[in-house]
Amino acid sequence: MPEKQYDHTQIELKWFERWQDAALYRAEENSDRPKYYVLEMLPYPSGQLHIGHVRNYSIGDALARYKWMRGFNVLHPIGWDAFGLPAENAAIANRRHPREWTLANIAAMKRTYRRFAFSYDWDREISTCEPEYYRWNQWFFLKMLERGMAYRKKALVNWCSECATVLANEQVVDGCCWRHETTPVEQRALEQWFFRITKYADQLLDDISQLEGGWPDRVLTMQRNWIGRSVGTEADFTLDTGATVRVFTTRVDTIHGATCVILAPEHPLVATLTDSEGAARGKAMVDSRANQGPGDIVKEGFFTGHYAMNPYSGERVPVWIGNFVLMGYGTGAIMAVPAHDERDFEFCTKYGIAIRSVIRPADGDLDEQPGAAFTEDGIVERSGEFSGLPSAEARRRMNEKAEREGFGQAAITYRLKDWGVSRQRYWGTPIPVIHCERCGVVPVPEADLPVVLPIDVNITGRGRSPLEDVPEFVNVQCPKCEGAARRETDTMDTFVDSSWYFYRYCDPRNAGLPFDPAKIAYWFRIDQYIGGVEHAILHLIYSRFFTKAMRDIGLVENDEPVANLFTQGMVIRDGAKMSKSKGNVVPADESVERHGADTSRMFALFAAPPEKDVDWRDEGVEGVYRFLGRVYRFATRNADRKPGGGSPEAGRKALRKLHQTLKKITEDFESRWHFNTSIAAIMELVNELYALENELSGDVMAEVLEKLALLLGPFAPYLSQEIWDELGKPGIVFQQSWPAYDPELAKEDEAEVVIQVNGKVRGHISVAFGTSREALEKQALSDVKVQSLLNGKQVAKVIVIPDKLINIVVKG
RNA sequence: GCCCGGGUGGCGAAACUGGCAGACGCAAAGGACUUAAAAUCCUUUUUCCCGCAAGGGGAGUGUGGGUUCGAUUCCCACCCCGGGCACCA
């Protein structure tokens, strides 16, 4: 009879069909089971898989299945939001109503993705393009508005001409758009809506301590840098025009060494301090800075002709304008202390401005002729009443003085800026406010939510919201005075969507609230979140912010959304990093159709540990496919073995290998998720079984095959189920318990002890476990080979590690 | 420039606590089966030297040093690659 061949298509489709209605992975809230909530970043809504997400899904999916087998309550939802629209699809998407587009893609995703990603909790399927999701986005917006957490102001914003929309600071990469990496971002002044994320700057920073250990250090460092908290002092210098200019410094202890004040070219005082020529020079600086991409800019500046008085010393110093001073940070003006700041040193050296040391090292002298800035803390000198104090103490007393005399105070500044959420895009949740000439900005009443997008829209891509050209959308009645008014046409950044979607998963059909706080109290925090490191400062800061804002609204109790974060590697193909804007994604169909979902997933796990990038090479996929075929054939041809027969010796070997494998994989799942070595261990087991195939008794074979099927469950569920079925077992394979290992069976009979001479391996001996040091030493020294090597030399020392190693140290 | 990662065969990688470097897989070579091919199964595969052979010896985890009986693992310096930040006062 010809052997059955592994036909992945048939097997996968068969079980795919049968599992359609099984409510697998369904979270059973308030059950006795421990809860476990694993959540990944989202699959790609284009009908193709973003290849990075192939990896995502293989990790989270295998983990969830394992947890299920261990008896955990697993919520393993699938869904997506609208962000991450690929550039080449944007045009298409923009010409269609988001809802229509989304529904079409749900269908496409169900076809290709479901078999691969294996999630059955379709109740929790959420599209952030659905009117219901808009409703709750808008509800949040109104809550924010009520609390002064959302506001509107005219602001210089980042503008991408390619997207024809505003970008958040977080979306600007190297001076270019995060989607269009070669399009420089322009600055435009526009009326924009903002979320006051800076109100939470301290909390976002301090609560990082709650995340330590659970989040990768790298991500936490990036967030700390992004928030960029600096503790310092603000102080007013009085100008000769009578006006004051406020500077921010972290080193007020150096202020007696300030030899000029430098303003950012955009500083409002520039207009009053310079003539039209000076204003033009300032303007040119601003422009050239905007056009200059990343990297170093050459420091430039000019003297305004005006002087300012140092509030501490009363000294008159010149006021300059410098292109390296940023308007967006601190006060947009600095005091330059060239002796103790590298940037100031460079600037003042270039323009011949005085350099004066006022800090000396604790064990040294003032550097009268500095060749470079000395920036460390030290002892303050030449600083009047503060002379002789250590830097830290001087700062404290100087802050007190500033406050006492009313020319300044201790101050903290942040790099983090408020989150600009306005987008001039069709795609996105409409911002639910109405502009009335008489009443001003009027929120849309809650009863009128959701504000939905009109269907017929002409996408111009001209830099204004396409909604402005839809009169039936724009022209509305003011809810307050009932007069004619205009609807806001900006839509929300889609990062708003992704900031809270995981909460909605826990209560996706709630019609009265975004979610029931009690349900959130049960599920949250998320035990394990899996996503790419590229979200370290975008999504992962916004969602932390949203959680804190929702907590203050009273919806959630947790301070933080995610207890443990795992940042998985990317999938690379042909040396190129997969990226949304480049659109080089691998169609799911291609790999899944050719080799099957089991093979594709298992390869993604096998190629490298999950935190590393992997190169998707088709030859590697072949290897995994061959392996699954090998397993299938072995299982099917041995499924009906009669009990008895075989050799006890072979049986013991097979069981030992089996339990060693079980132990290893259990440990891999519990601690580090190095599934590549788990899969290697299964391969080793199968190789061993091939070698022992004809010597195994029917009983051992049955035991081994059953456990093998269970072991494959997390990685290759379809094949696992097929083998389970072939063995005549009832039910669904991964609803079985995860097999426990027996440490006794996993043990080797004898310890293999290495014999080294001077650290070099010279032989092995097999001994009983627990053989004493003395016996081991004796046996090693009497070893024939060791004897010949020693050859009369003197043994200086023998190191014995029981059950492991003997190292004989000889002299001469 | 600053802050994180990382560097191991032809390739992806393993070695989890300082204890046999290269598990597992890919690619390659040889063999079995076959009229033939595919598929499958078996064997070899870090490298150099000695040997007909069994076997034996040396080198080897980016480079140089150190600690140690023993270092891919710990310490110091340097080189290279990747990522983040980059005038943040």
Side-chain angles (χ1 to χ4, degrees), chain A residues 3 5-6 173-174 216-226 228-230 232-233 247-252 254 262 264 289 294-299 322-326 328-337 340-344 346-347 375 413-416 533-534 536-537 577 603 606-609 611-624 626-627 629-630 633 664 667-668 671-672 674 676-687 690-691 752-764 785 796-801 804-810:
Chain A
E3 196 170 37
Q5 291 303 309
Y6 175 48
V173 177
D174 282 348
D217 288 342
R218 177 169 54 142
V219 172
L220 297 180
T221 306
M222 281 163 77
Q223 294 213 352
R224 271 191 208 98
N225 291 342
W226 190 261
R229 182 180 140 110
S230 296
T233 307
V247 302
F248 174 76
T249 175
T250 55
R251 291 296 304 276
V252 71
T254 65
I262 310 176
R289 167 184 220 107
D296 293 326
I297 56 166
V298 180
K299 285 189 180 53
N323 65 344
F324 70 102
V325 179
L326 302 174
Y329 183 78
T331 59
I334 62 163
M335 60 170 198
V337 184
H340 306 299
D341 182 286
E342 282 172 29
R343 294 151 305 177
D344 297 346
E346 190 188 331
F347 187 83
T375 59
T413 51
Y414 299 91
R415 218 189 85 121
L416 184 73
V533 71
E534 70 273 16
I537 49 171
K577 184 181 254 179
F603 170 69
F606 180 61
E611 67 273 15
K612 270 188 92 156
D613 290 348
V614 300
D615 197 354
W616 189 283
R617 289 170 55 228
D618 290 336
E619 308 88 70
V621 183
E622 291 288 343
V624 173
R626 271 205 288 268
F627 169 71
R630 217 168 127 81
R633 289 189 308 274
K664 165 144 191 50
E667 285 167 359
D668 274 345
S671 53
R672 33 173 238 169
H674 282 199
N676 54 333
T677 59
S678 304
I679 294 167
I682 300 178
M683 288 172 169
E684 275 187 69
L685 172 65
V686 171
N687 288 346
Y690 261 73
E752 175 107 319
V753 175
V754 178
I755 303 178
Q756 296 182 335
V757 176
N758 282 345
K760 287 195 203 283
V761 178
R762 297 300 177 182
H764 301 89
K785 206 171 145 199
K797 200 182 194 182
V798 180
I799 282 132
V800 181
I801 316 278
K804 264 195 171 166
L805 167 136
I806 303 155
N807 189 10
I808 302 163
V809 187
V810 295

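In the text below, chain A, chain B and the rest are named by the order of the sequence lines, each starting its count at 1.
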Got a list of protein N/O to nucleotides 20-24 of chain B N/O distances below 3.5 Å?
from  : atom 1 : to     : atom 2 : distance (Å)
B:C20 : O2     : A:H764 : NE2    : 2.7
B:C20 : N3     : A:H764 : NE2    : 3.4
B:A23 : O2'    : A:E684 : OE2    : 3.1

[N] pairs with, by Watson-Crick or G-U criteria that keep both distances under 3.5 Å:
N	result
B:A28	B:U44
B:A86	none
B:G9	none

Salt bridge (Lys or Arg N to Asp or Glu O under 4.0 Å) partners of [X], counting only residues at least two apart:
X	answer
A:R224	A:E212
A:R415	none
A:R229	A:D202
A:R630	none

- Of all heavy-atom pairs between A:N807 and A:N758, which one has the smallest distance, and what is that distance?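 That closest heavy-atom pairing would be OD1-N, 3.5 Å.
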- Using side-chain contact (heavy atoms from CB on, under 4.5 Å) as the criterion, list what pairs up with A:E346, not counting sequence neighbours.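 A:K299.
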- Which residues share a side-chain contact (heavy atoms from CB on, under 4.5 Å) with A:D668, sequence neighbours left out: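 Testing A:D668 for side-chain contact (heavy atoms from CB on, under 4.5 Å), a comparison that skips the adjacent residues, returns A:K664, A:R672, A:T677, A:S678.
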- Query: How would nucleotides 2-11 of chain B be written as a contact map, 5' to 3', with B for base contact, S for sugar-phosphate-only contact and - for no contact, using protein heavy atoms under 4.0 Å?
  - Reply: --S------S
- Query: OP1 or OP2 of B:A89 less than 4.0 angstrom from a side-chain nitrogen or oxygen of A:R415, does that happen here?
  - Reply: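 False: A:R415 side-chain N/O out of range (4.0 Å or more) of B:A89 OP1/OP2.
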- Message: For a quick test of reading the model: is some side-chain N or O of A:R630 closer than 4.0 Å to OP1 or OP2 of B:C41?
- Response: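 Answer is yes, contact under 4.0 Å.
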Categorize [X] for me: base, sugar-phosphate, or nothing, with a 4.0 angstrom heavy-atom threshold over every strand shown.
X	result
A:R672	base
A:R229	nothing
A:G623	sugar-phosphate
A:V337	nothing

- Partners of A:F603 by ring pair (Phe, Tyr, Trp, His ring centres under 6.0 Å), sequence neighbours excluded?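 For A:F603, the residues satisfying ring pair (Phe, Tyr, Trp, His ring centres under 6.0 Å) (neighbours in sequence not counted) are A:W616.
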